[in-house]
2 protein chains.
Amino acid sequence: MTISDVAAHAGVSPASVSRVLNGRRSVDPEIVRRVQASIAALGYAPSMVARSLVHGRNTTVAMVVPDLENPLFQGILKGLSLAAAGDGYRVLVADTAERVDDEETTAIEARQRCDALVLCAPRMPEAGLRRLVERVAPVVVVNRPLPDLDVPIIGVDYVRGIRDLVDHLVGLGHRHLAYVTGPETSASNAERLRGVEEALALHPEVRIDRIPGGSRPEDGEAVAIAVVDAHRGGVTAVIAFNDLVALGLLARLRELGVDVPGELSVAGFDDVPMARYATPRLTSMSVPRAEIGAQVWARLRTLMAGGPVEHSVLYRPRLEVRESTAVRAAAGARP
Amino acid sequence: MTISDVAAHAGVSPASVSRVLNGRRSVDPEIVRRVQASIAALGYAPSMVARSLVHGRNTTVAMVVPDLENPLFQGILKGLSLAAAGDGYRVLVADTAERVDDEETTAIEARQRCDALVLCAPRMPEAGLRRLVERVAPVVVVNRPLPDLDVPIIGVDYVRGIRDLVDHLVGLGHRHLAYVTGPETSASNAERLRGVEEALALHPEVRIDRIPGGSRPEDGEAVAIAVVDAHRGGVTAVIAFNDLVALGLLARLRELGVDVPGELSVAGFDDVPMARYATPRLTSMSVPRAEIGAQVWARLRTLMAGGPVEHSVLYRPRLEVRESTAVRAAAGARP
DNA sequence: CTGTTAGCGCTTTCAT
DNA sequence: ATGAAAGCGCTAACAG
């Protein structure tokens with residue numbers, strides 16, 4: 001069923017059908033009527049593919065993520081998807097299932113199907129990422145600083161976020177903290193660690209231990225024993241790599257009989273939707289997921305329109321104080 | 001940059017380039033070498049769109065969901081996306097942002113861009129859904145029973161799930177339960193209500209009140225007061241529409257000083273990833289999200305290959321007993 | 001205002 | 001084994 005069938009049925013030329021389809025105003029109302037009738041009668045639907053070939057674009061963009069189950073990417077995807085839809089674009093998702101080795105191939109393949117690409121690749125080695133980025137333009141990168149590269153980057157200021165979080169904890173009287181690290185190769189973990197360093201420099205009286213963790217709730221549970229040990233060693237507040245880890249940690253700490261925040265304060269990062277329903281409600285650094293998605297779209301759209309590489313943006317996470325962090329108990333207050 | 005440019009550069013015909021590109025074996029090794037060299041030299045990448053036009057397919061399928069932030073759809077999307085990727089297909093997502101009125105248009109539009117469609121439309125009126133389904137084939141429907149319609153349906157047996165959950169609670173000694181309802185128009189809420197009815201018929205000694213709720217954590221929080229009232233009225237166990245509601249409810253109940261499961265048992269539905277990290281860990285009915293996505297893909301693939309409408313499947317939720325449900329306290333045990 | 005014509009970039013007979 | 005040529009379904013000049 002093609003545009004010619006409709007044309008034949010309506011007794012006009014394919015061009016006229018095309019005009020009607022595209023709402024060109026310079027068409028005799030009578031023809032418009034006939035064409036529309038034929039379209040309805042035949043149940044015709046235009047081929048977006050053919051149209052794409054002519055126009056040289058898809059009105060589809062791809063987003064590559066390491067894991068669709070991560071609330072951070074979900075939120076960004078949602079924001080991107082909604083913003084793009086506002087301009088008639090759709091989003092194709094490519095989940096690399098955390099397989100860093102497949103990321104480049106996947107990204108290139110996804111890009112070929114679409115007009116532009118959004119890259120979330122927190123673990124890809126920087127050199128490879130740089131090479132890739134040059135190859136798949138127009139592209140916007142999420143959460144990866146790439147100095148001197150001509151690409152819009154929408155990110156989160158993890159360094160500052162961690163500093164602010166440490167400030168909060170220090171303000172509550174804590175002097176001996178612990179940071180449960182994320183995945184070794186995670187770029188945002190590296191930034192958080194820089195945040196830790198900067199906080200240390202700013203607060204000479206403070207100590208921050210590192211406890212190897214991960215990025216999922218299971219990792220948070222697994223690290224609970226180590227956290228308890230650290231607590232025995234004097235740690236009174238712990239910052240988890242992200243909320244998922246914090247939530248897992250919280251669950252396990254409760255089972256281990258640790259009172260949060262009475263004995264130990266716990267904070268997360270990302271402010272996932274569930275953070276505020278945890279027990280106790282989790283203090284976290286909020287990240288504007290949907291807004292990031294929308295900004296990604298804005299950059300992408302400009303790029304696709306042949307516009308300049310717009311300014312990158314770094315969102316400063318906002319502290320959401322809830323119940324899981326509290327003033328340090330007076331020394332010796334613990335039974 | 002087209003295939004002809006490569007052909008010119010390599011001094012062969014476009015047809016030969018195409019053959020090389022598609023790995024046809026009947027090509028002189030020397031030509032293969034030259035073409036590959038030219039491709040590399042020119043940095044040529046084939047146009048998937050042109051290829052799609054010729055082949056009449058996209059190798060892309062669309063999935064329409066009411067809300068990308070819902071863990072149920074996220075899991076299905078992930079499963080679908082991975083399974084499809086295994087066959088070289090990608091998934092395009094269309095989030096209708098819960099606007100039921102836009103669903104039909106969105107679905108049709110998304111379908112036009114892709115080779116097939118996955119429809120998650122829990123609130124669309126059945127008549128409209130039936131009409132839509134006929135229009136967008138090949139299509140697979142998720143979580144909506146559509147008797148007598150020639151469409152594969154992958155769903156969850158909510159009726160049975162609720163019955164099993166009630167059985168669990170009754171087995172723990174509870175006789176007066178409450179069900180916090182989901183959205184009025186939700187098809188799966190209707191099924192859960194049927195489950196409630198059947199359970200009632202099976203357990204004449206049991207009573208199940210209905211408390212108007214919703215589908216999100218906020219709804220769970222909002223309904224907490226009503227739940228406490230019901231508890232005063234004798235209810236000892238409550239089933240929430242889903243885990244999100246249960247989690248919100250749990251958080252609020254704790255603040256209201258209600259001991260779960262000591263005074264009141266609480267159960268959810270869906271077994272979202274966070275359920276097992278709640279306080280107390282939430283008893284729930286587990287639903288195989290990723291598996292549903294994979295099955296959806298299997299059906300879709302058969303359909304696209306011109307195969308028959310394969311059998312629909314209904315997954316029976318599995319009871320995950322955790323800490324939030326317990327034996328009913330002896331009468332009068334409450335202080 | 002409408003129809004004719006020439007592609008968009010690729011694959012695929014069909015000859016050679 | 002290779003090339004020429006005819007489309008896939010649509011849009012956009014360009015005539016008329």
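Quick caveat: nothing in here was measured; it's all calculated off a predicted structure. In what follows, every chain begins at residue 1, and chains take the letters A, B, ... in the order their sequences are listed.
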Would the distance check show the side chain of [X] and the main-chain N or O of [Y] forming a donor-acceptor pair, the cut-off being under 3.5 Å?
| X | Y | value |
| --- | --- | --- |
| B:Asp115 | B:Val61 | no |
| B:Arg216 | B:Asn70 | no |
| B:Arg33 | B:Gln36 | no |

Treating primed atoms plus P, OP1 and OP2 as sugar-phosphate and everything else as base, which nucleotides of nucleotides 7-16 of chain D get B, S or - for protein heavy atoms under 4.0 Å? BBBBSBB---
Output every pair passing salt bridge (Lys or Arg N to Asp or Glu O under 4.0 Å) with a member in residues 45-69 of chain A, not counting sequence neighbours, ordered by first then second residue. A:Asp67-B:Lys78
Is B:Ser16 close enough to D:dG3 that one of its side-chain N or O atoms is under 4.0 Å from OP1 or OP2 there? yes
side-chain hydrogen bond (donor to acceptor under 3.5 Å, both in side chains) partners of B:Tyr44, counting only residues at least two apart: none
Residue pair B:Val100 / B:Pro125, side-chain heavy-atom distance below 4.5 Å: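 A side-chain contact under 4.5 Å exists here.
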For the pair A:Glu98 and A:Arg123, find out whether any cationic side-chain nitrogen is under 4.0 Å from an anionic carboxylate oxygen. yes
Name all pairs fulfilling the side-chain hydrogen bond (donor to acceptor under 3.5 Å, both in side chains) condition that reach into residues 129-144 of chain B, sequence neighbours left out, sorted by first residue then second.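 Qualifying pairs, neighbours excluded: B:Glu126-B:Arg130, B:Asn143-B:Tyr158.
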Bounds of contact between DNA chain C and chain A, in 5' to 3' order, using a heavy-atom cut-off under 4.0 Å: C:dC1 to C:dG9
Given B:Pro152, which of B:Val309, B:Val141, B:Val139, B:Val142 fulfils the side chain to side chain contact (heavy atoms under 4.5 Å, CB included) condition?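 Only one of B:Val309, B:Val141, B:Val139, B:Val142 forms a side chain to side chain contact (heavy atoms under 4.5 Å, CB included) with B:Pro152, namely B:Val309.
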Closest approach of B:Pro46 and A:Gln112, non-hydrogen atoms and distance?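 That closest heavy-atom pairing would be O-OE1, 3.4 Å.
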With axes from five pairs an end, tell me the bend angle of the helix from C:dC1-D:dG16 to C:dT16-D:dA1, nearest 10°. 40°
